[in-house]
Amino acid sequence: MSLISTQTVAEHASPESCWIIVHGRVYDVTEFLPEHPGGSKIILKYAGKDATEAYDPIHPPDAITTHLPKHKHLGPVDPQTVVKIERVLSEEEKKRQELVASRPPIDEIVNLHDFEAVAKAILPPKAWAYYSSASDDEITIRENRAAYQRIWFRPRILRDVSVVNWSTTILGYKSSLPVYISATALGKLGHPDGELNLTRAAGKHGVIQMIPTLASCSFDEIVDAAVPGQTLFLQLYVNRDREITKRYVQHAEKRGVKALFITVDAPQLGRREKDMRMKFVDESGVAKVQDGDKNVKKDEGVARAISSFIDPSLSWKDIPWFKSITNMHIVLKGVATPEDALMAYDYGLAGIVLSNHGGRQLDTARSGVENLIDIVAALKTRGPWPNPRFAIFVDGGVRRASDVLKAIALGASAVGVGRAFMYSFCAYGQEGVQKAFQIFRDELEMNMRLIGVRSIDELTSDLVDASGLHAHVGITPTDNLYNSTYQPLALAPFRAK
Ligand code: 173
């Protein structure tokens, strides 16, 4: 195949003929412009140019090759024509890099909040805004933490806790922790290795990872990074084109993924205002809110821009179809009521995740751990509990082993942790994730001894007092560690004309 010069590429810099370079190869994306989930405007910004740097954090490497027909792959760029441009760092970026270099040594990290504080300081503002944001007034994201603080322990004494063991099984698969890594999108916004940090750390430590549909690394890259026998689950956003979903699910099963977690709380993406406001700021830090550009989609942040493929018509009627295309365990992620929990059970599914999507979807949705109480009570009406054929998981706001133990005592099989593991790799890469596992182990050991349990199956509801959990008003202790990482929403800025 002949080489294409960068000068030739530069001649195709319009909506009528739009070529871009990604990873040293030239693509004609003219006809793809209207179909791009993130809109055509962002591609046109790179028309006739190298788009790799903007492409990488948002797309898996194979996205362009699989979505663009072969005849639009024009060939490799002529390296002799590539002019290396010296990047000029903004003052803000220079400061950020200084902070990265001077971040605390990992030995000084003693809890999961510390990772979040470091991540907040060193992440590019857009990444922090996207990761940390939650919907509307961010009431639910805070309630996810507060709910755990309304549950108190009733510890038992004199039970010989010289040996304690926190390993367990999750959907029948061994796990060294009663915690799994929940799916979070776009890992490369926060670290060049993205989700692979999680896969590698999980492989070393026998922890289960749920691969996100919208990972920055490709699905196969993640599976290839796993060690033999490492258990992986898959989080699924259901595509409007069911053939795409079918291929994806069946490919995952073929590659050894054990369970499918179908996200059911996001028929439309929540409005995350921190993320939305970031769209208004260009590279020079100038707000674009009032520049009169009609094409700037002012109501979309990173996530909304890439979520248009998600099918809002998904319904219970689709469940038999999922069961017909895969033998993996099927779990619904984002269940919040006893009514829906019973339906999931009656449809013969393997389980549910009581989740509010980390507070990023319906604001003032209750916390998963609060919903757990009513949902366990409802499932008990279907027969003996715990039921080995149906698992309940909880996620949202988990930062301490004590949170994990409370959820399990109230009936959860295991607990999902998303942001906290993500922040740990944003701050320290794979080593950060391993340290986060170690912190969970240390806290589990201490808390289990202090509660008087030797193994996960000894955690029962009489070990906690959740009588205040449903009280949504009253005195909640100030959560200093969390409060210092929680960033308040900002009001719209005033600007002189
Ligand atoms: O919470 C999210 O940000 C999320 O789930 C998502 C959904 C679509 C695109 C990107 C992220």
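Not measured: the values here are computed from a predicted model. Because only heavy atoms are used, hydrogens play no part in the values below, and waters and symmetry mates are left out as well, while side chains stay in. Indexing begins at 1, ligand by ligand and atom by atom, following the structure's order.
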* To do: Establish, for the pair Lys274 and Tyr486, whether the NZ or CZ atom is under 6.0 angstrom from the six-membered ring centre and no further than 45 degrees off its axis.
  =>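 The answer is yes, since Lys274 meets both limits relative to Tyr486.
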* Flag this pair as yes if the NZ/CZ of Arg272 is under 6.0 angstrom from the six-membered ring centre of Tyr131 and inside a 45 degree cone about the axis; otherwise no. =>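 Geometry flag: not set, cation outside 6.0 Å or 45°.
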Between ligand 1 and the protein, which N/O pairs fall short of 3.5 Å?
from, atom 1, to, atom 2, distance (Å)
ligand 1, 1 (O), Arg272, NH1, 3.4
ligand 1, 1 (O), Arg272, NH2, 3.1
ligand 1, 1 (O), His357, NE2, 2.9
ligand 1, 1 (O), Arg360, NE, 2.8
ligand 1, 3 (O), Tyr130, OH, 2.8
ligand 1, 3 (O), Arg272, NH1, 2.8
ligand 1, 3 (O), Arg360, NH2, 2.8
ligand 1, 5 (O), Tyr237, OH, 2.5
ligand 1, 5 (O), His357, NE2, 2.9

* Asked: Between NE2 of His113 and OG of Ser484, what distance do you get to the nearest 0.5 Å?
  ->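 Between His113 NE2 and Ser484 OG, I get 8.5 Å after rounding to 0.5 Å.
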* Side-chain heavy atoms of Val394 within contact of Val353, under 4.5 Å ->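 They are not in side-chain contact.
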* To do: Step by step, work out the side chain to side chain contact (heavy atoms under 4.5 Å, CB included) result for Leu232 and Lys258.
  => CA-CA 6 Å; Leu232 293 166; Lys258 302 296 186 215; over 6 Å; no
* Asked: Can you name the one residue among Leu332, Val264, Asp346 that meets side chain to side chain contact (heavy atoms under 4.5 Å, CB included) with Trp316?
  ->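 Looking at Leu332, Val264, Asp346, the match for Trp316 under the side chain to side chain contact (heavy atoms under 4.5 Å, CB included) is Leu332.
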